Amino acid sequence: MRILTGIQASGRPHLGNILGAIRPAIKLSKNPANESFLFIADLHTLTSLKDGKQLRENTYAIAAAWLACGFDADKNFFYRQSKLAGYHTELMWYLNCFTPFPMLANATSFKDKSEKLGDVNAGLFTYPVLQAADIMLYDAQIVPVGKDQRQHLEMTRDLGGAFNRQYGEDTLVLPEAKIDEAVMTIPGIDGLKMSKSLNNYIDIFLDEKELLKVVKKVVTDAKTLEDVKNPDEDNVFKLYSLVANSKEIEEMRANYLAGGYGYGHAKNALHAVLVREFKEEREKFEYYMNHIPELEQKLQEGEAKAEVIAKSTIQRIRKKMNLDD
Ligand code: ADP
Ligand code: TRP
């Protein structure tokens, strides 16, 4: 199966991204029957982030995180959308001409963003059309995404269907969304969904001291060290349960229920287990961030491989449209 997914470069990847998206996608990519396309959607990111230096830093951090978490860039396709912008935006234009205005105007993510953001630009409006192009440019069959992307995938299929009715059913491949309802929502340090936009995230790639500072900010109730505590209502315990092993989790549960064990102790334990469980990922991430030319080379190799596919799809489409012989 041809699997494809894109990640915006709107910040550094956090624990929620890693457990909710990166690890499951890497697992899928390890199946020898699959061919995985993983790209950094930096053109999409431009709809909300204009600072080029920041965008590039985020792009490298995201690329480093995927490699650090075990994505095999040599077996798969790993690239920046902006480096293949010619192909992505060419297909986007063709699809634009098949996109009914109300489809974009009524899209939930556009409505959401236009209420929240000060900068409501045309890129934000046509965002789903670029996403449809990203997907169909590589004949992707399966697109693993979060629930919030369901509508974008429906739009992709609608646009692909309309295009195929005009130019022939074998012009574009219509993708299926793969939305894993079982993936749990990782809570942030305040107990709400961990998210960059809520600024409640844990960046597991911080150095140990900085990571401890973040872990110390996890919100708890006001119980004292002596008090008996309810593990099931505590954010430190919830986060700990996502990373520690079952014996450790049971021990912490017992400590909470016995009293005489403070949230400070639990936070130190959470920090220790994060450092231990992500040891290899943290080391590799640091390595790549200190060896940007190596990261650049991996991306450029991926871009050369992806270009071969993008180019042949565009050639096929242009012929179907009678733009070329
Ligand atoms: P953020 O909310 O931090 O901006 P994104 O929307 O960029 O994160 O999400 C990137 C990917 O990570 C998506 O596939 C999303 O489903 C997943 N993800 C983000 N936050 C969480 C979370 N708290 N729990 C589980 N998965 C998450
Ligand atoms: N819109 C997606 C998100 O915010 C990112 C994205 C861009 C994407 N192009 C894509 C995801 C193509 C899957 C396929 O998460």
Side-chain angles (χ1 to χ4, degrees), residues 2-26 28 36-49 58-59 61-62 65-66 69 77 79-82 84-85 88-89 91-92 95 107-110 112-113 116-117 123-124 126-157 159-160 173 175-204 235 238-239 242 306 310:
R2 191 170 275 190
I3 301 181
L4 175 144
T5 202
I7 311 105
Q8 286 209 57
S10 43
R12 281 169 53 119
H14 54 67
L15 185 66
N17 301 143
I18 291 173
L19 299 180
I22 299 184
R23 281 196 172 165
I26 291 178
L28 266 181
S36 278
F37 288 66
L38 189 96
F39 71 97
I40 301 172
D42 49 356
L43 296 178
H44 278 110
T45 313
L46 210 49
T47 58
S48 55
L49 174 64
N58 293 349
T59 299
I62 287 176
W66 279 86
C69 291
F77 293 79
Y79 52 98
R80 287 161 290 199
Q81 184 191 32
S82 62
L84 297 156
H88 287 249
T89 57
L91 180 52
M92 181 200 188
L95 296 173
T108 38
S109 89
F110 175 68
D112 267 12
K113 287 179 189 170
K116 279 194 213 132
L117 303 175
L124 216 50
T126 54
Y127 184 114
V129 192
L130 180 58
Q131 182 161 349
D134 295 338
I135 297 170
M136 293 191 286
L137 184 58
Y138 299 93
D139 294 335
Q141 294 160 293
I142 307 280
V143 183
V145 278
K147 283 186 256 223
D148 59 319
Q149 297 296 311
R150 191 189 297 276
Q151 195 178 43
H152 287 165
L153 265 292
E154 281 163 9
M155 288 158 96
T156 302
R157 291 179 59 89
L159 295 180
V173 173
E176 302 276 349
K178 183 174 184 296
I179 297 168
D180 197 344
E181 303 287 351
V183 167
M184 55 188 141
T185 302
I186 311 300
I189 59 173
D190 55 0
L192 300 173
K193 174 186 184 273
M194 186 178 291
S195 172
K196 283 184 285 279
S197 53
L198 297 177
N199 206 12
N200 63 352
Y201 60 89
I202 297 182
D203 177 351
I204 60 143
N235 295 324
K238 279 185 201 153
L239 287 163
L242 293 167

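The structure presented is a predicted model; accordingly, all values stated were derived computationally and were not measured. Order of appearance sets the numbers: ligands from 1, and atoms from 1 within every ligand.
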Per-atom filter on ligand 1: closer than 4.0 angstrom to a heavy atom of G146 are 16 (O)
When distances are taken from atom 19 (C) of ligand 1, the protein heavy atom at minimum range is N17 ND2, 3.3 Å
If we ignore angles and hydrogens, is there a donor and acceptor under 3.5 Å between the side chains of T59 and D42? no
R2 (side chain) donor-acceptor with Y138 (main chain) under 3.5 angstrom
yes
Within-cut-off N or O pair, I186 and ligand 1, under 3.5 Å | yes
task: Could you tell me whether Q131 and ligand 2 have an N or O pair separated by under 3.5 Å?
output: yes
In ligand 2, the atoms that come under 4.0 Å of a heavy atom of V143 are 13 (C), 14 (C)
Would you check if the side chain of H44 reaches a backbone N or O of Y127 as a donor-acceptor pair within less than 3.5 Å? yes
In ligand 2, the atoms that come under 4.0 Å of a heavy atom of Q8 are 4 (O)
Logged contact type for L130 with ligand 2, heavy-atom cut-off 4.0 Å, is neither
Here the atoms of ligand 2 under 4.0 Å from any heavy atom belonging to H44 are 7 (C), 9 (N)
For D134, the ligand 2 atoms with a heavy-atom partner under 4.0 Å come out as 7 (C), 9 (N), 10 (C)
Note: K147, heavy atoms under 4.0 Å from ligand 1, region reported as neither
H14-ligand 1 polar pair, N/O distance under 3.5 Å = yes
Here the atoms of ligand 1 under 4.0 Å from any heavy atom belonging to S195 are 1 (P), 2 (O), 3 (O)
In ligand 2, the atoms that come under 4.0 Å of a heavy atom of L4 are 14 (C)
Could you tell me whether some N/O pair between Y127 and ligand 2 is separated by less than 3.5 angstrom?
yes
In short, A140 meets P175 closest at the heavy-atom pair O-CB, 3.6 Å
In this structure, atom 27 (C) of ligand 1 is nearest to the protein heavy atom G16 O, 3.4 Å
Checking heavy atoms under 4.0 Å, the part of Q149 that sits near ligand 2 is side chain
Whether Q8 lies under 4.0 Å from ligand 1, heavy atom: no
message = Quiz question for you: does at least one protein heavy atom lie closer than 4.0 Å to atom 6 (O) of ligand 1?
response = no
Heavy atoms of I142 and P144 approach each other most closely as O-CD, 3.7 Å
K193 heavy atoms within 4.0 Å reach ligand 1 at atoms 2 (O), 19 (C), 20 (N), 21 (C), 23 (N)
Per-atom filter on ligand 2: closer than 4.0 angstrom to a heavy atom of A41 are 7 (C)
Here the atoms of ligand 1 under 4.0 Å from any heavy atom belonging to T185 are 24 (N)
Contact region, D148 to ligand 2, non-hydrogen atoms below 4.0 Å, reads neither
Counting from 1 in the order shown, the ligand 1 atoms closer than 4.0 Å to a non-hydrogen atom of G20 are 25 (C), 26 (N)
Atom 17 (C) of ligand 1: of G11, S197, A21, A41, the nearest heavy atom sits on A21
Atom 22 (C) of ligand 1 protein-contacted (non-hydrogen atom, under 4.0 angstrom): yes
- Message: Geometry only, no angles: is S10 polar-contacting ligand 1 at N/O separations under 3.5 Å?
- Response: no
Under 4.0 Å between heavy atoms, the region of F39 that gets near ligand 2 turns out to be side chain
Nearest heavy atom to atom 20 (N) of ligand 1, choosing from M194, Q149, R12, belongs to M194
Of all protein heavy atoms, the one nearest atom 13 (C) of ligand 2 is G6 N, 3.4 Å
- prompt: Do Q81 side-chain atoms and D134 backbone N/O form a donor-acceptor pair below 3.5 Å?
  reply: no
Output, in order, the C-alpha distance, side-chain angles, deciding distance and verdict of side-chain contact (heavy atoms from CB on, under 4.5 Å) for Q131 and L153.
CA-CA 8 Å; Q131 182 161 349; L153 265 292; 4.1 Å; yes
